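Here's a structure for you.
What you see is a predicted model; the values in this text were computed from it and never measured.
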Amino acid sequence: MKTNIILKKLFVLGLGVFLSVGAMAQDQQQGTPRKQLTPAERQEKMLENYKKNLNLTDAQAKKLKAIQEDRVKNMQAIRNDQNLTRDAKREKMKALHTSKQQEITAILNAEQKQKFAEMQAKRETRKSEMQGKRGDHRKGGKMKQHKMQRSN
């Protein structure tokens, strides 16, 4: 009789341990959500990345920081402009991005320009991969099909 009670208690204890380990593993797998960086923090992180990967001189880093500060200020102005449509804002931001990229490449030497181009290519590849992972709902995939089924 005592053996049955002990076995039941061990079973319940084992089950509890099993469930708690599963929950902990799931928490670790999901990870903590990324902290949203402020524009200044993003700018500082980008500057450090460029310094490290492009071996920038102090003078180049100073110029790059000024370019980035100007870019952040202009981007904020475009975002806050209530007279522009969403598409117009997007076009202005693309044009600003292109001009700032040209300013950045102007302060780099030949070797740095090559590395910078490689960094940008990798960034674009990651960006397109991430857009693919977001799902097909933006381009008429599952969400559009679901809406079409509901309307029928």
Rounded to the nearest 0.5 Å, what separates atom CZ in Phe116 from atom CG in Leu54?
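Spacing of CZ (Phe116) from CG (Leu54) equals 7.5 Å.
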
Near Lys89 NZ, under 6.0 Å, is it more than 12 heavy atoms from other residues, nucleotides or ligands?
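More than 12 within 6.0 Å, yes.
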
If you apply the rule side chain to side chain contact (heavy atoms under 4.5 Å, CB included), what do you find for Met119 with Arg123, and how did you get there?
CA-CA 6 Å; Met119 288 170 62; Arg123 182 177 166 266; over 6 Å; no

With a 6.0 Å cut-off (strictly less than), is the heavy-atom count around NZ of Lys113, excluding the residue itself, greater than 12?
yes

When you measure from the side chain of Gln112 to the backbone of Asn109, do you find a donor-acceptor pair of N or O atoms at a distance under 3.5 Å?
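Side chain of Gln112 to backbone of Asn109, a donor-acceptor pair under 3.5 Å: yes, one is there.
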
Using the side chain to side chain contact (heavy atoms under 4.5 Å, CB included) rule, take Lys65 and Gln43 through it: C-alpha gap first, then chi angles, then the decisive distance, then the call.
CA-CA 8 Å; Lys65 186 172 183 173; Gln43 176 184 338; 4.0 Å; yes

What distance separates Thr98 OG1 from Glu103 CD, expressed to the nearest 0.5 Å?
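It is 11.5 Å, given to the nearest 0.5 Å.
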
Say you draw a straight line from OG1 of Thr85 to CD of Glu91; how long is it, rounded to the nearest 0.5 Å?
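Thr85 atom OG1 to Glu91 atom CD measures 9.0 Å (nearest 0.5 Å).
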
Within the 4.5 Å heavy-atom criterion, are Leu56 and Leu108 side-chain neighbours or not?
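Answer yes - side chains close enough.
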
Stepwise salt bridge (Lys or Arg N to Asp or Glu O under 4.0 Å) test for Glu118 and Lys115:
CA-CA 5 Å; Glu118 290 170 6; Lys115 285 183 184 179; over 6 Å; no

Under 3.5 Å: donor-acceptor pair, side chain of Gln60, backbone of Ile107
yes

Side-chain heavy atoms of Met93 within contact of Arg79, under 4.5 Å
yes

May I ask you to check whether Glu44 and Gln68 show a side-chain donor-acceptor distance below 3.5 Å?
no

Taking atom CG of Asn80 as the centre, report whether more than 12 heavy atoms of other residues, nucleotides or ligands fall under 6.0 Å from it.
yes

Would you mind reporting whether Asn74 and Lys100 have side-chain heavy atoms less than 4.5 Å apart?
yes

Keeping the roles fixed (side chain from Asn53, backbone from Asn49), state whether a donor-acceptor pair exists under 3.5 Å.
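Such a contact is found between Asn53 side chain and Asn49 backbone.
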
May I ask you to test the Gln76-Val72 pair for a side-chain heavy-atom distance under 4.5 Å?
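No - every pair of side-chain heavy atoms lies 4.5 Å or more apart.
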
What are the two closest non-hydrogen atoms of Leu64 and Tyr50, and how far apart are they?
CD2-CD1, 3.3 Å

CD1-NZ distance between Ile78 and Lys94, expressed to the nearest 0.5 angstrom
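NZ of Lys94 is found 13.0 Å from CD1 of Ile78.
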
Take atom NZ of Lys45 as the centre, draw a 6.0 Å sphere, and report whether it contains more than 12 heavy atoms from other residues, nucleotides or ligands.
no

